[in-house]
Amino acid sequence: MGWDKVMPSRPVVAVAGATGAVGVEMLKVLEQRDFPADRVIALASARSAGKRVPFRGGELVVEEMTPASFSGVDIALFSAGAGVSKAFRDAVTGAGAVMIDNSSAFRQEADVPLVVPEVNAEAARRHNGVIANPNCSTIILLMAIKPLLQFGPIRRIVVSTYQAASGAGARAMQELLDQTREALLGSPLTQQVFPHPIAFNLFCHNSRVEADGYNEEERKMLYESRKILHDDGLRVTATCVRVPVLRSHSESINVEFENERPRLEEVIKAYRESPGLLLVDDREANHFPMPIEANGRDEVLVGRIREDVSNERALDLFASGDQILKGAALNGYQIAQEWIRLTEGSAAASTSS
Ligand code: NAP
């Protein structure tokens, strides 16, 4: 596996899916962090061609994405769904661009690294033109798990998610707003995106339920965690639930260690010192991670850290993270940065050798 492209100091960046929930956030991330892009191109379907999206005090005109869109592009940040990523992969890599993909299309392919920079940044070094962004619930889970790995091997993780409507895209977020208004007015609910009412309700995550009873989101949390942590034997059982929250996913996490569990003070210290995490754990004020406080933040909030009274090797905790940011746009951006940093290192090494 190897990709010998050396990134120019001012790359041309394409944002594929620029009108969607993740794409809009991706443009904001590029803008706020002042990414040294030579040019940023906003791509979407023919439906959005000609629309304008705000960028760096001005506007970008959205272009219809075609295979020719990637000529001259160095980095293509994809969030347009798995089918679209599959359809455009060859056009992107054929044009010599690196595809950083937010969809589930390639995550389990052996030559596609699956990267959460705070967890396995090194994996971004070797790829064949595609680097995948993990599933948003998996990113939030592993951000909370990573600092615990220093205390010894983990035997099993039991996780339940409380997933925001926006995880299913911009139209799903609008559906929650519309249904809430309709429910309060006593009107019939308009239901176009989710299979069940989302206002004042919650339900099993809206992905396909497999023969074993797990839905696809739950399986992603298991298989993607194994790949990222390089631990094929890791045991994860997940229950993924969609809740009437607009933005930011939350997770209740039970972690069982192979051996003795760490002391709470050690865990709290580890969380305080971990990049990308914010400890929110005030028992007196009953103040713990909440989606409303995770919104718009880069960090994943962790707290409610306590010893599991039913298992002397286990800890309980709770996490909330902005799944459009750290779960998608920000993580994708960090992957691009990481890859540039890693290849700059190799370019410098090969020049000096
Ligand atoms: P979304 O709000 O529905 O946006 C989808 C985007 O894809 C829109 O810009 C849409 O453009 C574009 N698109 C659709 N079909 C296209 C085509 N044939 N050619 C070019 N562009 C096309 O969805 P999203 O929530 O942003 O999710 C996008 C991807 O990111 C999905 O794979 C999703 O699983 C993943 N993801 C989402 C989240 C999240 O929290 N939402 C988190 C992690 C990963 P039009 O406006 O022209 O239709």
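Order of listing sets the numbers, starting from 1, for every ligand and every atom in it.
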Report task. Check the angle between the aromatic planes of H127 and W339 and answer parallel, tilted or perpendicular using the 30° and 60° thresholds. Result -> perpendicular
Query - Flag, side chain of N120 to backbone of A123, donor-acceptor distance under 3.5 Å - result: no
**Report entry** Donor-acceptor contact below 3.5 Å, side chain S69 vs main chain T66
**Finding:** yes
Give the residue, atom name and distance (to 0.1 Å) of the protein heavy atom nearest [atom].
atom: atom 15 (N) of ligand 1; value: R47 NH2, 3.6 Å
atom: atom 4 (O) of ligand 1; value: G20 CA, 3.1 Å
atom: atom 41 (N) of ligand 1; value: S166 O, 2.9 Å
atom: atom 32 (O) of ligand 1; value: G81 CA, 3.2 Å
atom: atom 25 (O) of ligand 1; value: G169 CA, 3.0 Å
atom: atom 45 (P) of ligand 1; value: S48 OG, 3.2 Å
atom: atom 38 (C) of ligand 1; value: V22 CG2, 3.5 Å
atom: atom 18 (N) of ligand 1; value: V84 CG2, 3.7 Å

Query raised in the report: Does V22 share a hydrophobic cluster with F88, counting links as ILVMFWY side-chain heavy atoms below 4.5 Å and allowing steps through other members?
Result: no
Query raised in the report: Hey, any chance L278 and L325 share a hydrophobic cluster, counting ILVMFWY side chains that come within less than 4.5 Å of each other, even indirectly?
Result: no
Report task. Please determine, by modelled atom types, if N135 and E217 share a side-chain donor-acceptor pair under 3.5 angstrom. Result -> yes
Query raised in the report: Would E224 and Q108 count as having a side-chain donor-acceptor pair, cut-off 3.5 Å?
Result: no
Requested in this report: For D178 and T190, run side-chain hydrogen bond (donor to acceptor under 3.5 Å, both in side chains): C-alpha distance rounded to whole Å, both residues' side-chain angles, the deciding distance at 0.1 Å, then the answer.
Outcome: CA-CA 7 Å; D178 292 344; T190 311; over 6 Å; no
Query raised in the report: Among G327, S79, A49, A46, which residue places a heavy atom closest to atom 30 (O) of ligand 1?
Result: S79
Query raised in the report: Of A16, A172, A329, G17, which has the heavy atom at the shortest distance from atom 12 (C) of ligand 1?
Result: G17
Query - Over 12 foreign heavy atoms within 6.0 Å of CD, E258 - result: yes
**Report entry** Cation-pi, F203 ring and R242 (6.0 angstrom, 45 degrees)
**Finding:** no
Side chain, backbone, both or neither: which applies to [X] and ligand 1 if a contact is any heavy-atom pair less than 4.0 Å apart?
X: S85; result: neither
X: S104; result: neither
X: Q323; result: both
X: T19; result: both

Requested in this report: Starting at CD of E251, measure out to NE2 of H249 and round the result to the nearest 0.5 Å.
Outcome: 8.0 Å
Requested in this report: Please round to the nearest 0.5 Å and tell me the distance separating atom CG of L176 and atom CD1 of I198.
Outcome: 6.0 Å
For ligand 1, which atoms have a heavy atom of [X] less than 4.0 angstrom away?
X: N102; answer: 30 (O), 35 (C), 44 (C)
X: A328; answer: 42 (C), 43 (C)
X: A44; answer: 11 (O), 20 (C), 21 (N), 47 (O)
X: S103; answer: 32 (O)
X: A18; answer: 9 (O)

Query raised in the report: Under 4.0 Å from atom 20 (C) of ligand 1, is there any protein heavy atom?
Result: yes
Query - Any protein heavy atom < 4.0 Å from atom 34 (O) of ligand 1 - result: no
So for ligand 1, is [X] a polar contact partner (N or O within less than 3.5 Å, distance only)?
X: K51; value: no
X: C136; value: no
X: S45; value: yes

Query raised in the report: Does the pair Y214 and T237 meet the rule for a side-chain hydrogen bond (donor to acceptor under 3.5 Å, both in side chains), with working shown?
Result: CA-CA 9 Å; Y214 282 92; T237 182; 2.8 Å; yes
Query raised in the report: Passes side-chain hydrogen bond (donor to acceptor under 3.5 Å, both in side chains), E293 versus H287? Steps please.
Result: CA-CA 11 Å; E293 291 185 350; H287 184 188; 2.7 Å; yes
